[in-house]
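Structure record follows, encoded as structure tokens.
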Number of protein chains: 2
Amino acid sequence: MKFSKKSEYGLRALIELTAVYGKDPIRRQQIADRQHIPLVFLEQILLALKHAGLLASTRGASGGYALIKPPSKVTLGQVIRILDGPLAPIGCVSKTAYRKCDDCPYVKKAYCPLQEVMGGVRNAIADILDNHSLEDFIAGARSPRKRSRK
Amino acid sequence: MKFSKKSEYGLRALIELTAVYGKDPIRRQQIADRQHIPLVFLEQILLALKHAGLLASTRGASGGYALIKPPSKVTLGQVIRILDGPLAPIGCVSKTAYRKCDDCPYVKKAYCPLQEVMGGVRNAIADILDNHSLEDFIAGARSPRKRSRK
DNA sequence: ACTATGTTGACACAGTCTATAAACATTAGG
DNA sequence: CCTAATGTTTATAGACTGTGTCAACATAGT
């Protein structure tokens, strides 16, 4: 039950990119150095985020990557779903990528005990991750916005 | 962010074993059939649970596996930690297996933005998983015990 | 007691996915 | 047109998932 390194690195890279939001693009090398991320692995991650529309990249001499969506509009849940896929602990409780579990003997029945619990876990995770945005990463902000539960 | 198949299968096997708690041991074949779990993989799982002290096994003609701890005393969190390791999303926020993250540039500093959020996720997951026991799996029990938050 | 049979136990192996590395192609600026 | 950057492709080590094989052992029948 862990996040992949990919997600972790991706989020840490976005911390750097959020810090310079609106300014000139920064080089991937710089991100790798400051966050101690393996350079070439970092690139795959940045590309994925680019293809998802979060980043823009410019090549050539003074190129680099830049965040193009406002930090407040990018939730951690989005980022993790891009890099890691759906965040449900088991397939049959995912809202964004539901997959009926062929092998589960409870498929036909109305109620699956595992599904009950795991659905709760999924919601708890999503509730946190979808209510935190990159904005919560800026500076020493000691107060990630804690939404009251609806 | 998924549980391993190992944990999923393990929990489903325990559903079967909980259902016959106190009675004669059941064969692994029977568990595999009813929950559609690959037979030989299931064995590794049952062994791990046995070594952890949850199950007892008897060999020979009328052998099989049996749950030896009362269902109410076995939390889902315990099971998953046995089969999947600690349930923290990233190493540096685990309570049962803390590992300082060498590569994180915030190690030295007082505050890590990622750690803040991920710690919250960890607690949310643990809060659910450690407050559900195998007892919640019995029969069609439509009411897993929902502890009020402390 | 001996043997046949059914069951768990242990080990080594193969496929797939993740994390990482290296090499080369492509683009843009001075 | 040369250099510094991104972009693409391919390769490798390790963990996770699942299989195959054979040994250890308990029970039942003779």
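Below, chain A is the first sequence line, B the second, and so on; all start at residue 1. Quick note: numbers below take in every heavy atom, side chains included, and nothing from hydrogens, waters or symmetry partners.
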Whole-Å gap separating P (dG29(C)) and CG (Asp24(A)): 13 Å
Residue whose closest nucleotide on DNA chain C lies nearer the 5' end, Gly60(A) versus Phe41(A): Phe41(A)
Rounded interatomic separation in angstrom, taking CG from Leu46(A) and P from dG7(D): 9 Å
Base dA4(D) to side chain Arg27(A), donor-acceptor N/O within 3.5 Å cut-off: no
Nearest-angstrom distance from the residue atom CD1 of Ile37(A) to P of dA21(C): 12 Å
salt_bridge(Arg81(B), Asp130(B)) N-O dist < 4.0 Å: yes
Phosphate contact (dT20(C) OP1 or OP2) by Tyr9(A) side-chain N/O below 4.0 Å: yes
Any Lys50(A) side-chain N or O less than 4.0 Å from OP1/OP2 of dT6(D): no
5' priority, DNA chain D, between Ala61(A) and Val40(A) [closest heavy atom]: Ala61(A)
Atom-to-atom span, CZ of Arg12(B) to P of dT17(D) - whole angstrom: 14 Å
Check ion pair Arg12(B)-Glu8(B) (N to O, under 4.0 angstrom): yes
Rounded distance in Å - CD (Gln30(A)) to P (dT6(D)): 10 Å
Side-chain donor or acceptor of Asp84(B) paired with backbone N/O of Phe3(B) under 3.5 Å: no
Shortest side-chain distance from Lys6(A), nucleotide among dG7(D), dA19(C), dG18(D): dA19(C)
Given DNA chain C, 5'-ward residue of the pair His51(B) and Asp84(A), judged by closest heavy atom: His51(B)
Whole angstrom value for the distance that separates P of dT7(C) from CD1 of Ile26(B): 13 Å
Arg59(B) (side chain) and dT8(C) (base): donor-acceptor pair under 3.5 Å: yes
Gap between atoms CD1 and P, on Ile45(B) and dT17(D) respectively (whole Å): 9 Å
Ser4(B) side-chain N/O to dT17(D) phosphate OP1/OP2 under 4.0 Å: yes
Sugar-phosphate only, base, or nothing, as touched by Leu47(B) at under 4.0 Å among non-hydrogen atoms: sugar-phosphate
Sugar-phosphate only, base, or nothing, as touched by Gln44(B) at under 4.0 Å among non-hydrogen atoms: base
Side chain proximity check, Leu67(B) to Leu55(B), heavy atoms < 4.5 angstrom: yes
d(CD, Glu8(A); P, dT18(C)) in whole Å: 16 Å
Whether Asn123(A) side chain and Gly120(A) backbone form a donor-acceptor pair below 3.5 Å: no
Any Ser57(A) side-chain nitrogen or oxygen under 4.0 Å from OP1 or OP2 of dG7(D): yes
